[in-house]
Amino acid sequence: MSGDIHIDDLRDPVYTEIQQAALDYGETLTTVLEPGSIMAEAEQKTGLSDWGPMDFLPRLSLLCDEWDADDGMTGVARLNLRNILVKHASSRLLIQDTWSRHPEILDIKIEKPIIVAGLPRSGTTHLLNLMAADSRLRALPLWESYEPVPTPGEALLPDGTDPRYQRCDEAWQGMQQVTPLVAAMHPMNPDHIHEELELMGPNFGSYNYEWLAYSPRWRDAYYAEDQTYQYEYMRDVLKLLLWQQRGTDRPVRWVLKCPQHLEQLPVLHKVFPDATIAITHRDPVAVIQSAVTMLAYGQRMNRKQVMTEQLMEYWTARVERLLRACVRDRDSLPAEQSIDVPFTQLIRDDVSWVEKIYQKAALPMTGQARAELSGFVEEHRDDYGRVVYDLKAHFGVDPAQLRERFAFYFDAFPEARPASDS
């Protein structure tokens, strides 16, 4: 798929045969969203029962309760959400078992990671995947983020493929069949370098659940908590991943990214005190129109009615909160360990911006590294086509008027202002 992509049925989807069949099948299911049922299935899958600290249970219960009460979901959505919760619960059991049997894992140090923060849809994914092409850095591919610990007794496939990789690839192929334009907006193939936020899933944490379903109660509970403990959990899973690769020549210096970090900069620095943090900056209106279009497109399978107005209201407020936290906390990061990366400049000369980040991180830009980065750029140019966004037509919102809401951000970071407003 390449070229410009216009979504003409965003508000009122026209379903393909595959989409309609999936929706019809989903309505025949009775899907239980209840903590005990999810935990029992995870125990059966793994053969384990040690959950570690049980403070996760109220968070799992909240998710189940909020989602179970949402009668606007399709049957497909309910099944997908249950499968995600079972996956997270299974990973928790496997992680806890590994930590219990190998307590030395927690003595491993996560040293001098390079971490990208920035709004969703602001170039963070491209920047992360670009740096991950540098063979000196350890990155987190999607398949590993989904299942960080192998299932006991599960052998490699005859061709040497990890079954975790195969499951992720099968899910990606299915997603392309059911929501084919997802690839144009956010590729999720197994080798795609993903957000370490996924590693908070086994602790039932992070703002990731907000992307999976309409979850205002979850959002408010997340807001109310100091997230240090979630970042520490994620850090310790990163240690486990390094421990799993012992005896190999895989690199140990992490390159990571997540938009949530924008509203958790003090926590991020506390948990990773020697990290180099690169913050991308983009016009938030461009970010919002990209995010809500992607979510609205996905809702043709997840909701009985596409929630264009609610999506616009929710994610405008969500982006504003992320940016107000960034404006408040940006200067709390040591100048020698942080750098601001304007999106418009990044897309024009991404390899040069990586070199600037490397200078902050005391990582030389070698000839091999430059070749690896340039090769990635060439290989992935225009992979999936470009979605044409229309905020006015699809969501009834004037971009110029919406942009006025973010004057506080443009005042703090003028480089984020679109050229037409300069």
Side-chain angles (χ1 to χ4, degrees), residues 108-120 122-141 145 193-200 227-228 230-232 234-239 241-242 250-282 322 325-343 345-347 349-366 368-370 372-373 376-377 412-413 415-416:
I108 295 173
K109 303 298 183 185
I110 303 295
E111 296 184 341
K112 298 181 178 179
I114 300 172
I115 304 176
V116 179
L119 286 176
S122 72
T124 58
T125 296
H126 175 68
L127 184 55
L128 170 69
N129 279 262
L130 178 58
M131 288 191 286
D134 188 330
S135 57
R136 299 171 297 174
L137 296 173
R138 172 67 155 97
L140 183 66
S145 77
I193 306 304
H194 197 46
E195 298 174 0
E196 67 277 11
L197 200 68
E198 194 72 41
L199 303 181
M200 296 182 189
Q227 293 296 306
T228 300
Q230 293 287 6
Y231 276 74
E232 291 171 340
M234 177 262 289
R235 176 202 62 199
D236 291 345
V237 181
L238 291 173
K239 294 179 180 182
L241 293 174
L242 292 184
R250 294 190 72 178
V252 298
R253 186 173 185 180
W254 283 100
V255 58
L256 307 165
K257 81 97 179 176
C258 183
Q260 178 185 291
H261 298 332
L262 268 188
E263 63 189 10
Q264 302 291 341
L265 290 176
V267 171
L268 183 68
H269 181 61
K270 177 182 178 181
V271 176
F272 299 98
D274 60 353
T276 297
I277 300 173
I279 303 175
T280 60
H281 296 281
R282 186 185 186 187
L322 285 161
C326 178
V327 170
R328 180 191 68 219
D329 298 329
R330 172 63 184 89
D331 289 342
S332 69
L333 298 177
E336 65 276 11
Q337 291 176 230
S338 58
I339 182 173
D340 295 293
V341 182
F343 174 80
Q345 297 180 32
L346 174 65
I347 59 175
D349 198 358
D350 45 11
V351 174
S352 292
W353 272 98
V354 170
E355 186 165 13
K356 293 175 183 177
I357 295 168
Y358 282 4
Q359 289 171 355
K360 289 280 186 178
L363 182 64
M365 176 65 84
T366 64
Q368 178 179 339
R370 190 180 300 278
E372 290 171 339
L373 297 174
F376 174 88
V377 171
F413 299 100
E415 61 269 30

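Start at 1 with the first residue, then count along the sequence.
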Heavy-atom closest pair, residues Leu322 and Pro259 =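 Looks like CD2-O, 3.8 Å.
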Closest non-hydrogen atom pair, Pro266 against Asp329 |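 Minimum heavy-atom separation between Pro266 and Asp329: CD-OD2, 3.6 Å.
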With rounding to the nearest 0.5 Å, note down the distance linking [atom1] in [X] to [atom2] in [Y].
{"X": "Ile339", "Y": "Leu333", "atom1": "CD1", "atom2": "CG", "result": "12.5 Å"}
{"X": "Gln359", "Y": "Thr276", "atom1": "CD", "atom2": "OG1", "result": "11.5 Å"}
{"X": "Asp134", "Y": "Phe376", "atom1": "CG", "atom2": "CZ", "result": "12.5 Å"}
{"X": "Thr124", "Y": "Phe343", "atom1": "OG1", "atom2": "CZ", "result": "10.0 Å"}
{"X": "Leu238", "Y": "Leu256", "atom1": "CG", "atom2": "CG", "result": "6.0 Å"}
{"X": "Leu127", "Y": "Ile193", "atom1": "CG", "atom2": "CD1", "result": "13.0 Å"}

Do [X] and [Y] come close enough that some side-chain heavy atom pair is under 4.5 Å?
{"X": "Lys112", "Y": "Arg253", "value": "yes"}
{"X": "Arg250", "Y": "Leu242", "value": "no"}
{"X": "Arg282", "Y": "Pro342", "value": "no"}
{"X": "Arg330", "Y": "Phe413", "value": "yes"}
{"X": "Leu137", "Y": "Tyr358", "value": "yes"}
{"X": "Pro251", "Y": "Arg138", "value": "yes"}
{"X": "Ile279", "Y": "Leu265", "value": "yes"}
{"X": "Leu241", "Y": "Leu140", "value": "yes"}

Within 6.0 angstrom of Asp349 CG, more than 12 heavy atoms from elsewhere =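 Buried by this count: over 12 neighbours within 6.0 Å.
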Does the side chain of Thr280 pick up a donor-acceptor pair with the side chain of Ser122 at under 3.5 Å?
->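 There is such a pair (donor and acceptor under 3.5 Å, judged by atom type) between the side chains of Thr280 and Ser122.
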Side chains of Glu196 and Ser145: donor-acceptor distance under 3.5 Å anywhere?
->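 Side-chain D/A pair, Glu196 to Ser145: absent.
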With under 30° as parallel and over 60° as perpendicular, where do the rings of His261 and Tyr231 fit, or are they tilted in between?
->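 His261 vs Tyr231 ring planes: tilted.
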Just do the side chain to side chain contact (heavy atoms under 4.5 Å, CB included) check on Gln264 and Gln230 with the steps written out, would you?
-> CA-CA 11 Å; Gln264 302 291 341; Gln230 293 287 6; over 6 Å; no
Carefully, step by step, assess Met131 and Ile357 under the rule side chain to side chain contact (heavy atoms under 4.5 Å, CB included).
-> CA-CA 10 Å; Met131 288 191 286; Ile357 295 168; 4.2 Å; yes
Side chain to side chain contact (heavy atoms under 4.5 Å, CB included), paired with His281, selected from Val341, Leu346, Asp340 |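 Going through Val341, Leu346, Asp340 one by one, the side chain to side chain contact (heavy atoms under 4.5 Å, CB included) with His281 is satisfied by Asp340 alone.
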Sort and list the pairs that fulfil salt bridge (charged side-chain N to carboxylate O under 4.0 Å, His left out) and have at least one residue in residues 257-275, not counting sequence neighbours.
->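 Every salt bridge (charged side-chain N to carboxylate O under 4.0 Å, His left out) pair that includes a residue of residues 257-275, provided the two are not neighbours, is Glu195-Lys257, Glu263-Arg318.
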